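As the structure is a computational prediction, the values presented were derived from the model and not from experiment.
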Amino acid sequence: MNIVEVKERVAGHDFLSAHIIHDINTTGWHIHLVDSSGNEFPITDDLNMAITYGTLAEAQSVVRKLDDMPVQVDRLYRQYAI
(Lines give C-alpha, C1' and ligand atoms only; values in the text may rest on other atoms or scores of the structure.)
Protein backbone atom coordinates (compact mmCIF):
# COMPACT_ATOMS: atom_id res chain seq x y z
CA MET A 1 0.00 0.00 0.00
CA ASN A 2 1.71 3.19 -1.12
CA ILE A 3 1.80 6.33 0.99
CA VAL A 4 -1.16 7.96 -0.82
CA GLU A 5 -3.37 4.94 -0.11
CA VAL A 6 -2.12 4.86 3.48
CA LYS A 7 -3.05 8.50 4.06
CA GLU A 8 -6.54 7.91 2.64
CA ARG A 9 -7.14 4.93 4.92
CA VAL A 10 -5.64 6.69 7.95
CA ALA A 11 -8.06 9.58 7.36
CA GLY A 12 -10.88 7.01 7.50
CA HIS A 13 -9.49 5.60 10.77
CA ASP A 14 -9.10 2.16 9.20
CA PHE A 15 -5.94 1.23 11.11
CA LEU A 16 -5.75 0.37 14.80
CA SER A 17 -1.99 0.04 15.24
CA ALA A 18 1.39 -0.07 13.55
CA HIS A 19 3.87 -2.93 13.50
CA ILE A 20 7.52 -2.01 12.91
CA ILE A 21 9.64 -4.95 11.82
CA HIS A 22 13.41 -5.23 11.60
CA ASP A 23 14.50 -6.57 8.20
CA ILE A 24 17.72 -8.57 8.43
CA ASN A 25 18.23 -8.50 4.65
CA THR A 26 18.45 -4.72 4.38
CA THR A 27 19.27 -4.05 8.05
CA GLY A 28 16.46 -1.52 8.01
CA TRP A 29 12.92 -1.27 9.33
CA HIS A 30 9.53 -1.84 7.63
CA ILE A 31 6.19 -0.45 8.77
CA HIS A 32 3.04 -2.57 8.60
CA LEU A 33 -0.30 -1.02 9.52
CA VAL A 34 -2.86 -3.29 11.20
CA ASP A 35 -6.62 -2.99 10.58
CA SER A 36 -9.48 -4.11 12.82
CA SER A 37 -9.44 -7.63 11.31
CA GLY A 38 -5.77 -8.09 12.17
CA ASN A 39 -4.61 -7.81 8.56
CA GLU A 40 -1.21 -6.17 8.09
CA PHE A 41 -0.52 -3.76 5.23
CA PRO A 42 3.11 -2.81 4.56
CA ILE A 43 3.88 0.74 3.47
CA THR A 44 5.27 0.44 -0.06
CA ASP A 45 6.63 2.64 -2.81
CA ASP A 46 4.97 3.10 -6.21
CA LEU A 47 6.46 -0.20 -7.43
CA ASN A 48 4.84 -2.04 -4.49
CA MET A 49 8.19 -2.68 -2.78
CA ALA A 50 8.26 -2.29 1.01
CA ILE A 51 9.89 0.98 2.04
CA THR A 52 12.93 0.45 4.26
CA TYR A 53 13.68 3.02 6.95
CA GLY A 54 17.28 3.33 8.13
CA THR A 55 16.62 3.53 11.85
CA LEU A 56 13.92 2.56 14.28
CA ALA A 57 13.51 6.22 15.27
CA GLU A 58 12.90 7.18 11.63
CA ALA A 59 10.20 4.50 11.27
CA GLN A 60 8.55 5.57 14.53
CA SER A 61 8.60 9.19 13.33
CA VAL A 62 6.73 8.20 10.15
CA VAL A 63 4.06 6.42 12.20
CA ARG A 64 3.66 9.46 14.48
CA LYS A 65 3.22 11.70 11.43
CA LEU A 66 0.49 9.43 10.06
CA ASP A 67 -1.63 9.07 13.18
CA ASP A 68 -1.53 8.61 16.94
CA MET A 69 -1.69 4.83 17.20
CA PRO A 70 -0.06 2.12 19.29
CA VAL A 71 3.21 0.79 17.87
CA GLN A 72 4.60 -2.72 18.27
CA VAL A 73 8.30 -3.19 17.47
CA ASP A 74 9.72 -6.57 16.44
CA ARG A 75 13.45 -7.11 16.37
CA LEU A 76 13.80 -10.26 14.30
CA TYR A 77 17.56 -10.54 14.55
CA ARG A 78 19.29 -12.72 17.09
CA GLN A 79 22.81 -12.64 18.39
CA TYR A 80 24.58 -15.94 18.77
CA ALA A 81 27.70 -16.54 20.83
CA ILE A 82 30.43 -18.27 18.86
Output side-chain donor-acceptor pairs under 3.5 Å for residues 49-68, partner residues at least two apart or in another chain, one line each.
from : atom 1 : to  : atom 2 : distance (Å)
T55  : OG1    : E58 : N      : 3.0
E58  : OE1    : G54 : N      : 3.0

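Applying the salt bridge (charged side-chain N to carboxylate O under 4.0 Å, His left out) rule to D45 yields no partners; only residues at least two apart in sequence or on another chain are considered. Legend: residues meeting side chain to side chain donor-acceptor pair (under 3.5 Å) with E40, ordered by chain and number and at least two apart, are H19, H32.
With rounding to the nearest 0.5 angstrom, the CG atom of D74 is 12.5 Å from the NE2 atom of H30. Distance CG/L16 to CG/N39: 11.0 Å, rounded to 0.5 Å.
Between R9 and D35 the shortest side-chain heavy-atom distance falls below 4.5 Å. F41 has its side chain out of reach of V6: every pair of non-hydrogen atoms, C-beta onward, lies at least 4.5 Å apart. Side-chain contact between M69 and L33 is present, with heavy atoms from C-beta onward closer than 4.5 Å.
In this structure, D46 places its CG atom where only 12 or fewer heavy-atom neighbours from other residues, nucleotides or ligands lie under 6.0 Å away.
Hydrophobic clustering keeps V34 apart from V71 (ILVMFWY residues linked when any side-chain heavy atoms are closer than 4.5 Å, directly or through intermediates).
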